[in-house]
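Working notes for the structure below.
Reminder, nothing fancy here: chain letters follow the sequence lines and each chain counts from 1.
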Amino acid sequence: MCGIAGIMYKTPGGGDTGKDLIDMLDGCQHRGPDSTGFALYGAGHDGELLLRFMIVTDDGGTASIDAIRKILGDYNCEILDEETEGGNYRVRVRFTGDLQKFAYALEHGATVISIGSSLEIIKDIGGAHDVDDVYHVARHTGTHGLGHVRLATESDVKPEAAHPFWATGFSDVAIVHNGQITNYWKMRRRLERKGFEFRTDNDSELIAVYLAEKMSHGVALKDALRDSIDDLDGTFSFLVSTKDEIGYAKDRLAVKPMVLYETDDMIAVASEEVSLNRLFPGKALNTMEPAPGTYNTWSRSTYPNNQ
Amino acid sequence: MVTIDLSKQSITEANELIRQCGERGEDVEVLNPDARHHIGVGLTQGIKVRVRGSAGYFCAGLTDGPHFEIDSNVGWGLADNMYQGSVVVGGNAGAIAGVAIRGAEVVVKGNVGSRAGQVMKAGTLCCAGNANFMAGYMMYGGRIIILGNSGEKVGEDMAAGEIFVGGDVQSLGSDASQVAPTAEDLKGIKEFLDKYGLKFNGTFKKIVNAGTKLRYKNPEPPRRNIPFFTFSGTTDYWNEKVQEDIYVKSQMGRYRIRGYGAARPLPHLTDIAFKRDLSQAGRDPDLLKRIKMRTTLGDKHGAKPLDLSMPVMIAPMSFGALSRSAKLALAIASRMSGIAENTGEGGMMDQQRAEADQLIFQCLAGRLGWNVHDMQRANGLEIYISQGAKPGLGGQLMAKKVTKELAAIRGIPEGIDLRSPSRHPDVLGADDLVIKVEEFREATGHRIPVSIKLGAGRVRDDIKIALKDTFDYVELDGLQGSTGAAGAEVLEHVGIPTLAAIQEALDALDEIGAAGQLPIVLMGGIKDGVDAAKALALGASAVAVGTSAIIAGGCIACMQCHIGNCVVGIATQDPEHEKRYNTPIEAVHIHHFLEAMRWQLAAITDGLGYSDVKQLSRDDLVATTPEAAKITGLPYAPEYRDPNLQLKAS
Ligand SMILES: Cc1cc2nc3c(=O)[nH]c(=O)nc-3n(C[C@H](O)[C@H](O)[C@H](O)COP(=O)(O)O)c2cc1C
C-alpha cells in the first residue's frame, strides 16, 4: 500500500538526491497520501555517526534531547554538532565502540529514526512537498538514496510508522518496501532468538534487520537478497541501501510493480514509470521491469570515475 | 488533428478534450505523456490517438472503437476492457496487457508483463517479444499471439480461447493443453501479423483449455430440498438441515453449494431495541408527509449523488443468479419507491436501464458484462471486492444458468459451471485500487459516484482503505447476507455478522478522526423498516435489502437457486420456469414491501420524537443480549427484550 523510489548517481560528486527523490515521490503520491520519507546518503567521515531522533516538541524538545544527551554521554560520545528541525533532533557525534549495544540503548531511551556515518532518514506525515517544507529535503545532495510514500490503516498516522526503516542496530542500512510479508512472525522470532530487537511490528523493519544480520556475517548484499526471495513469504517489492550500494528484490508473483531506468550517469528505480519520467520530462524512457523473483545490486565503488 | 500537451493540461481535461474530438471525428496527438495514467480512457469513437512517448496505467482503457498508437512503453492494464478498435505499442507493456478485452486488437512490439490477457473475452492480443508468467490467465475467449517466449503457466485456468506461442513455453497452466495449430489458425495469424507489419518465420504451438475443470464432476443430486426457513429455525445438532447436508455430500463427494445466507443463530439487529415504547407510534395518518427521509449519497467528490426518497436501496443482485424478469421487477419497484437499483454482476439490460430511475452498475473481478457504454449511462459505479455470504471468494454460477443469452452478455462460453475470479486483475492492494477508481472517474467525466461493496471480514482496515482510496460511499454486507450460490461452509462460517461489521466500520472511521466522512450502506439480514431504523440509529447512512425484496417479489425459499430450478421463476434462466413469473405484479409487491419499510421508518422516527430519520442516534438504542452489548458497546438492558422471544428461548 505504497510507492517506492530509489536513485544512485554514477558521477563523482553524486547528485541532487533530495530534489530528485521529491520529484519521484510526488509523481506517485497517489499510491500513498499519508506519509513520505527519504533515506539520504552523503559523504561520511570515519569514526563519526549521524543520529536522527523524533522528539516530543511540547517543551521545545528539552526533555527528549536531555534524555538523548545522557545516553550519548554514557557511551562516551563527543557531540560535534546538533540541531532541531521540525519534530527531529539531529546530532553528529564521534563514537567508537559496539554499535549494536549503543543503538539498542538509544532505542530504549529515545525514538531513533536513523543511525549511520553517511545515512540520514527523514520522514513524516504528509506528502513529499510537505515533508520538504519542514525538513528541507531538497537541500540534500549525495551519492544515493531511497524514498517512500505510504497509505496507513493504523489508528493515527504516526511519523514513526513512515518509511524508510533503518535496520535497527546496524548503521547505514535502510529499506523501503511495498507489499506484505506473511511469515513475518516466524522470521521475527528467528531473529529475536539471535538477540536482535525490533522497534515496530512493521514488516519492512524485519526485512532490513534480516538483510543487515546476513551482511554482518560478511554475506554480500546481493547474496542476502537472493536468500530473501526464498526466506520471505508474501508479496514484496523492496529497495535496500547501504553506505555504497542499492539493491532490490521482487517476489515471484510480481504483484507489486517496479520499473528501472539506467543512464551513463545514474540508476533510478520506482514503483511506476511516471516517477522516473519526472526526472526526464518530455522524454520516452527505455525502462525495464525486473522479472518476478529477481534481485540485483548496484555499487558506487564499481563506477570507475566516482572517487 | 488536435494536439494535447500533457505538460500543460491535466489528464482529466485532456480526456474531456479527447472525447470532444471523438464526437467531431478529429484525430488527436498527445505530447509529453511522461507515463501518466489513464490516457484516452472512456473514448467511444473511432478516431486515432497518437501518444508521443510512454503512457502509464490503463492507457486506452474502457474504450470502444478508437485506434491508439503509443510510441514507447505502457504501464499496467493496457486497453482494459476495450471493445472494438486497436492499440499498437512501440515498446513494452507492464502487467495485464489486454485485460478483459472484448474484441479489440492489441499489439505490443516489445515484451508484455505477467498475466497478459487476463479474463479477456474476445479480440486479439499480440506480443512481438516475450510474455511473462500466466499469459491468458482465466481467459474466456479470443486469441493471444506471442511471437517470443512465454513464461510459466501459460493459459492457467483458461475457460476458452486460443494462445499461440512462437518461442518456448516455460510451462502450461492448470487445465491448459498443447495442440497442433490448424491451417486456418495459421492463416488467421498471418493475416493479423501482415496487417500490423510484424514478421515471423517460426512455428507456433497452440494452447487451449483442456476441459478438466469447466464442470463440477458430480452434479447436485435431484432432491426436494428443505425450505430455508425450516432448517434455519433450530439450533439442534441433528436437525433436518444437518441430515440433508450429510446426504447431499454423501452423493457428491464434495462441498455443497446453495443459495441464501448463514442459517445459524448470530447476534443481530433483533438483539438491540429502542429505549422508548413505540407501541403507539405511527397513529398519525399524515406521518409520511411530516417525516423527512430523503437521502442523498455519493457527492463527496463532486459527483451527482443518488437521490433516494428514503435511506433504502436494492442490494446488488446479478442478472444470472436472478432471471431477467426478476431483475426487471426490482428495477420497476425501485422506481416506484424512488430508490436505487443495482445491477450486481453480469451486466446491464436495456429494459432494466429504462425501468430503473437510478441504477448502479457493478464491476466484479471477472468483468462479466462490464463495459464503458453501460458505465456512461449508469447513475453510479461500484467496485465489488466481496460480499458477506462469501468474503474473499469468487462467485459460482452453475451450468444450467449459463445460457446462450447470459453467456453472450458476459462474454463467456455457454454451459460451463462458472466460477468467477475472487480477485480483480488490477486491484492487488490499496495502492492500485486508487488508480482503478480514478480510471472509472475518468471514463465517466467524474460525473457519477463510485462506491465499493465489501463483505465483512477485515472491516477495520477495509473501511480506512475505502476512505483513503476516495470512494464516495461503502456498501457493507455482513455474514448473514444472502447469495445466489456459494459453498455451504463459507456461507455459514466465513465473515463477521452484520452488527459487528457496522460497529467495526464506525470505530475504524472514529479511530482516524473521520467519523461521518464516509457514508455506509448496511446490508445482510435487513428484513424490515425496524431493522433499517436500528441500522440508521447505529450509524449507517442507509440500508440495502436483497432477500427481503426477493421474498416480497415471490420467493418461497425452495433452495433451488444455485441449480437454476427456481420454481417461481426468480433464480433461474430456464424460460419454462421464468414464464411463471409475473413481472408487473411482483414489481408492485416489492414496491408495497418497500412502502411498508418506509412507513415503519417514519413511525419509529416519529415515535422517538424526531422529524428526520437523520436524527436517529445510538442514544435511542439498548442491547438486549450480552453479545450484542459487547459488539456494539450499547448499554445492556435485558428488560427490553421482546417477551415473545424470551418465551421461545426458555
Ligand atoms: C440471488 C442473489 C444474487 C446476488 N448477487 C450479487 C452480486 O452480483 N453482487 C453483489 O455485490 N452481491 C450480490 N448478492 C448479495 C447482495 O447484494 C446482498 O449483499 C445480500 O443479499 C444482502 O443480504 P440480505 O439478502 O440479507 O438482504 C446477491 C444476493 C442474492 C440473494
According to ring-ring contact (aromatic ring centres under 6.0 Å, His included), who are the partners of A:Tyr295, at least two apart in sequence or on a separate chain?
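Partners of A:Tyr295 by the ring-ring contact (aromatic ring centres under 6.0 Å, His included) criterion come out as none, since no residue qualifies.
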
Measure A:Leu285 against the heavy atoms of chain B and call it side chain, backbone, both or neither at under 4.5 Å.
backbone

Going by heavy atoms in the side chains, are A:Asn178 and B:Asp431 under 4.5 Å from each other?
yes

Quick one: are B:Asn73 and A:Glu273 in side-chain contact, heavy atoms under 4.5 Å?
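Yes, close enough: below the 4.5 Å cut-off.
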
Nearest non-hydrogen partners of [X] and [Y], listed with the distance:
X: A:Ala254; Y: B:Phe133; value: CB-CE2, 4.0 Å
X: B:Asn132; Y: A:Pro292; value: ND2-CD, 3.3 Å
X: B:Tyr57; Y: A:Ser271; value: OH-O, 4.4 Å

Leading residue by heavy atom contact count with chain B [cutoff under 4.5 Å; candidates A:Glu272, A:Lys283, A:Met288]
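The candidate making the most pairs under 4.5 Å is A:Glu272.
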
Show, in sequence, the C-alpha distance, side-chain angles and deciding distance for B:Asp34 and A:Arg278, and conclude whether the salt bridge (charged side-chain N to carboxylate O under 4.0 Å, His left out) test is met.
CA-CA 7 Å; B:Asp34 288 1; A:Arg278 281 294 187 95; over 6 Å; no

Partners passing salt bridge (Lys or Arg N to Asp or Glu O under 4.0 Å) against A:Lys250 (at least two apart in sequence or in another chain)
A:Glu289

Can you tell me if [X] has over 12 outside heavy atoms packed within less than 6.0 Å of its [atom1]?
X: A:Arg199; atom1: CZ; result: yes
X: A:Asp230; atom1: CG; result: yes
X: A:Asp133; atom1: CG; result: yes
X: B:Lys436; atom1: NZ; result: yes
X: B:Gln170; atom1: CD; result: yes

Contact class of B:Leu467 relative to chain A, heavy atoms under 4.5 angstrom
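Neither part, no heavy atoms under 4.5 Å.
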
For the candidates B:Asp71, B:Asp469, B:Ile435, B:Asp432, which exhibits the highest count of non-hydrogen atom pairs separated by less than 4.5 Å from chain A?
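Most heavy-atom pairs within the cutoff with chain A belong to B:Ile435.
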
Which of the residues B:Ser72, B:Ser7, B:Ser54 is involved in the greatest number of heavy-atom pairs with chain A at under 4.5 angstrom?
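It is B:Ser54.
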
Without swapping roles, check the side chain of B:Lys468 against the backbone of A:Leu151 for a donor-acceptor pair under 3.5 Å.
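Judged by distance alone, no pair lies under 3.5 Å.
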
Distance, nearest 0.5 Å, that separates CG of B:Leu428 from CG of A:Leu253
9.5 Å

